[in-house]
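Just so it is clear: chains get the letters A, B, ... in the order the sequence lines come, proteins before strands, and each one is counted from 1.
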Amino acid sequence: MYNHRSIEQKWIQKWEDGFVSYGVGNTESEQKKYILVEFPFPSGAGLHVGHIRSYVAQDIKARMYRMQGYQVLYPIGWDAFGLPTENYAIQNNISPAIATADNIANFKKQLAVLGLSFDWSREINTTDPKYYKWTQWIWLQMFKAGLAYQDKTQVWWCEELKTVLANEEVIDGKSERGGYPCTRVPLRQWMLAITKYADRLDRDLDTVDYLPVIKTQQRNWIGRSEGVQLKFKITNSTEFVEVFTTRIDTLFGVTFLVLAPEHSLLNKITTAEYQAQVQQYQEQTKSKSDLDRQQEKDKTGVFTGAYATSPLNGKQIPIWTADYVLMNYGTGAVMAVPAHDERDREFAKKYKLEIINVITEGNILENSDLYNGLSTTEAKLKLTKELSNQNLGQQKVQYKLRDWVFSRQRYWGEPFPIVWISEYNYRQLAGNVTESLPPQAITREVDGVLQYAVPLSVTDLPLELPEVESYIPQGLGDGPLAQAKDWVEVWYDTTTGRAVSRKNPRPDNNWVEGMRETDTMPNWAGSSWYYLRYIDPNNDAVLSDKNLLEKWLPVDLYNGGMEHVTVHLLYSRFWHKFLYDIGVVSTIEPYKTRIKHGMILAEGGVKMSKSKGNTVDPIEMVELFGADSLRVYEMFMGPYDEAIAWDTKGLIGCSRFLKRIYQWIISIKSKDLELVDNIPKLDYDTHYLIKKITQDIDNQKYNTCISSLMEYLNLYNTKDIGIDNIQIYIKLLAPFAPHLAEELWEILGEISTVHLSRWPKYDESKLLQSQVDYQIHINGKMRDIINVSANSSHSDIEFKALDSSKVKNILGDNKPKKIIINKDKHIVIIIN
RNA sequence: GCUGGUGUGGUGGAAUGGUAGACACGAAGGACUCAAAAUCCUUUGGAGGCAACUCCGUAACGGUUCAAGUCCGUUCACCAGCACCA
């Protein structure tokens, strides 16, 4: 009897004892495959069946490639910083470090029974100071390059989590983690200038092989649009209002301008008469949450009393302010063309503003002076040129993408390697420090005193998290690190950039008073570059050896969830491009191919959740049915990239399938391998199976791999089919059910592991048959199948087809009008 | 609203433009058993027929084609992402 428990335990032990190893050095081949799965966040909940789906799928690939002789890198690690651990730690009154260690230990224990061929010698952990030393190092390079800066802007604040969040982390006004309400507040934060890379992040998508839906989503998020930025002179003033438009062809249809209520020009241009109503409107807007502003159906706004002059025809245009214009896109002001823009039209109708049609149904300009009769495309070109000649406007590319809010007022993240010093001390900087400064000094004001951000010396990295008394966040402003006085207050060496606690005596006159930054980095920091560290996980001198990076990059296949497309995937592409610019990596993109996995839902098609009590514990499934059954089931359940509901019955079916394989091999063994290869179809079927599985694994079609293996078993498990074929079958099974395959391999008398045996190659000549079936289609309907020898002439085939009694019956007295023969497939007879 | 995607038996799903429903689950019947479980065998889209077989059938309607689940158009439904982005 097939006993999954004893077989799996036996092989887990033997593998651990060195029977097989999955390091990259198993082959002489220079060809490599770097297969990456998104590393898990080690939550207290333990492994989810969804984790297993993607790990097993890529494990299958890794195993096949290894057997095909590639050098395969298939690593795993822990994305362990972040809010959930911190919240868990606060609730249980333990340190996040201990909670993380516990959770990782649990995850590892669970992963160990699944037969995954990860190279554990490369395990990484983002919370390990040896790791985040390099996260800090990369950030320092960004600081020096001027990409890291501080800005006081409207940022998302989550009161429940007591921290700011990035745009990407707020969904429908709620935090991505936990679903807590968020509000917009003006706060000074560390930012990363990802918008400087917007163009490349968009354009270089052309060079990678991502699923179309992933590219589209990234493109939408980056939101590139080409248009014209132009100036409207304010009448009776020297000021100009700048607007951005993608429809410069509608310039003569502009009947008013709208400024966002936060626009800085607003107060300057508003006439005395309208001052009060504008101010009231601004106040009103401020008190509204973003959510309110979004949900409001009716457009509102007020007139400012001011007018602007339209650049080409001198027309006087009233200036309004309205909250449907957003301050943080474009210039915060728009030229309103009510005839050709739905929002402007709605506004114009409500406030009885003029509407001028300038584009005909046929996309030709009208009411546009010299430009009448031009197509919109021509008009865009000419108008852009004219405005540019008059110095009133120029072509401009605008992005929806915003800079990345990069600080959190929480404990469990990487500390910023930054010290704040006084203006006076800033002027004393010398040597290495000055070389590491950004082009523009970064300052903040504390109690009316200006402070300057200066970088910590690389020799001081990693800057480790201090012990604190409480991990509870403080509210707007300071994070928990601010309490660690001995850590925060330092002596800073103005010549080397090193810092020591002010508990110590001041080393010498070069050392000045400083305060460490007390915000921490968001959890996306460590995951932005982890694929580089796997390549050389223990290097202390550089983040990864240059030659090894050359060898392994780009990642050949990156598997992850759709929820990371506009967050992690975009961020890590940005970091990679930056590292390319400073010469650390030599590819412009980190990931050659990106695929997605589908979610596993609870029975009934709803999300699994603890509160609903509908979760499936994968480890319990392993105990009941075995890891191999679980693996096979998760691959068989449906197309890999689609969401699918769990069904334990299906798992039982897969377990039966493995049992039958086992029985089959045992029965063969009992016949002392006296096997005869006497089945004519066998060669064809075996080579067809090799081809099918090899290709399907490459194309993530794991479900049809399993059905092919089942079909083969159904056909041949009652026949004596020859040891060669059995061996091939076990090799093909090995990536899917590694424990069982290893056991069967041993039963067949093999002494070394099946997992490093040669993957079978299919022989095209075996896929050619001497006799082939032709389907006879009459007027498109399949009517008969005839079997003819493969080298028959067309006229032979035709003769035989017309000789079929079924064909004769249908044809009757009709003469075929035309006969088409598709080689080895169809004879198509057309009567009418 | 915009963008992308998906609609196939009782269920999960298969199908380079060429036998729709592979494979599996479930169900029904049978064998083994004192009985049950496990296992094995048979049937399983609908309608008609004793049968060979025939007709219908892939969300709806239309089109291209000798031939459409597959390609094109329109509509409907559902899923995902974005959402006053000028």
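If you check B:G12, B:A14, B:A86 against the side chain of A:Pro639, the one that comes closest is B:A14. When the nucleotides B:C84, B:U19, B:C66 are ranked by their closest atom to the side chain of A:Ile830, B:C66 comes out on top.
Between B:C2 and B:G57, the distance separating the two C1' atoms is 36 Å to the nearest Å. The separation of B:U43 from B:U33, taken at their P atoms, amounts to 24 Å, rounded to a whole angstrom.
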Kindly express the pairing pattern of RNA chain B in dot-bracket notation, using | wherever a base pairs with another strand and counting only Watson-Crick or G-U pairs under 3.5 Å. (((((((..(((.....[....)))((((((.......))))))((((....))))..(((((..]....))))))))))))....

Are any protein N/O atoms closer than 3.5 Å to N/O atoms in nucleotides 21-23 of chain B? If there are, list each pair with its distance.
| from | atom 1 | to | atom 2 | distance (Å) |
| --- | --- | --- | --- | --- |
| B:A22 | O2' | A:Glu711 | OE2 | 3.0 |

Just the table, please: protein N/O against nucleotides 38-44 of chain B N/O, every pair under 3.5 Å.
| from | atom 1 | to | atom 2 | distance (Å) |
| --- | --- | --- | --- | --- |
| B:U39 | OP1 | A:Arg656 | NE | 3.4 |

Check nucleotides 1-9 of chain B against the protein and report each pair of N or O atoms closer than 3.5 Å, with its distance, or say if there are none.
none

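Base orientation of B:G30: anti, since the glycosidic angle falls outside 90° of 0.
Note on residues 243-255 of chain A: pairs passing salt bridge (Lys or Arg N to Asp or Glu O under 4.0 Å), not counting sequence neighbours, are A:Arg247-A:Asp249.
Residue A:Gly223 is out of contact with every strand shown, counting any heavy-atom pair closer than 4.0 Å. Residue contacts shown for A:Gln775 include a base, since a base heavy atom lies under 4.0 Å away. Across all strands, A:Lys400 comes closer than 4.0 Å to base atoms (heavy-atom distances). Residue-level contact check: A:Ile644 touches the backbone only, with heavy atoms under 4.0 Å from sugar-phosphate atoms and none from bases.
Using a 3.5 Å distance cut-off with no hydrogens or angles, the side chains of A:Glu226 and A:Gln395 do not pair a donor with an acceptor.
Residue-to-nucleotide proximity on RNA chain B shows that, of A:Lys818 and A:Lys692, the 5′-proximal contact is made by A:Lys692. For the pair A:Ile829 and A:Asn822, both in contact range of RNA chain B, the more 5′-proximal nearest nucleotide belongs to A:Asn822.
Scanning atom types as modelled, one donor and one acceptor separated by under 3.5 angstrom connect the side chain of A:Lys299 and the base of B:C84.
Ring geometry for A:Trp320 against A:Phe347 counts as perpendicular: the plane angle is over 60°, on a 0 to 90° scale with 30° as the lower cut. The aromatic rings of A:Tyr662 and A:Tyr2 sit tilted relative to each other, their planes meeting at an angle between 30° and 60°.
Between A:Thr245 and the options A:Gln398, A:Met335, A:Lys396, a side chain to side chain contact (heavy atoms under 4.5 Å, CB included) holds for only A:Met335.
In this view, A:Lys349 satisfies the salt bridge (Lys or Arg N to Asp or Glu O under 4.0 Å) rule with no residue, not counting sequence neighbours. Among residues two or more places apart in sequence or in another chain, the ring-ring contact (aromatic ring centres under 6.0 Å, His included) test is passed with A:His687 by none. By the ring-ring contact (aromatic ring centres under 6.0 Å, His included) test, A:Tyr633 is found to be paired with A:Trp646, residues two or more places apart in sequence or in another chain being considered. Residues forming a ring-ring contact (aromatic ring centres under 6.0 Å, His included) with A:Phe240 (at least two apart in sequence, or on another chain): none. Listed by chain and residue number, nothing satisfies the ring-ring contact (aromatic ring centres under 6.0 Å, His included) test with A:Tyr210 (two or more places apart in sequence, or in another chain). Taking A:Lys649 as the reference, nothing meets the salt bridge (Lys or Arg N to Asp or Glu O under 4.0 Å) condition, with sequence neighbours excluded.
Remark: A:Thr331 is not in phosphate contact with B:A86, judged by side-chain N or O atoms under 4.0 Å from OP1 or OP2. Between B:A15 and A:Lys701, a contact under 4.0 Å exists linking OP1 or OP2 to a side-chain N or O.
Atom NZ of A:Lys607 has 12 or fewer neighbouring heavy atoms from other residues, nucleotides or ligands inside a 6.0 Å radius.
Taken to the nearest 0.5 Å, the CZ atom of A:Arg660 stands 5.0 Å off from the CG atom of A:Leu713.
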Nucleotide-resolved protein contact map, nucleotides 48-58 of chain B, B/S/- at heavy-atom distance under 4.0 Å: ------SSS--

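Ion pairing between A:Lys350 and A:Asp298 holds under the 4.0 Å rule for side-chain N and carboxylate O.
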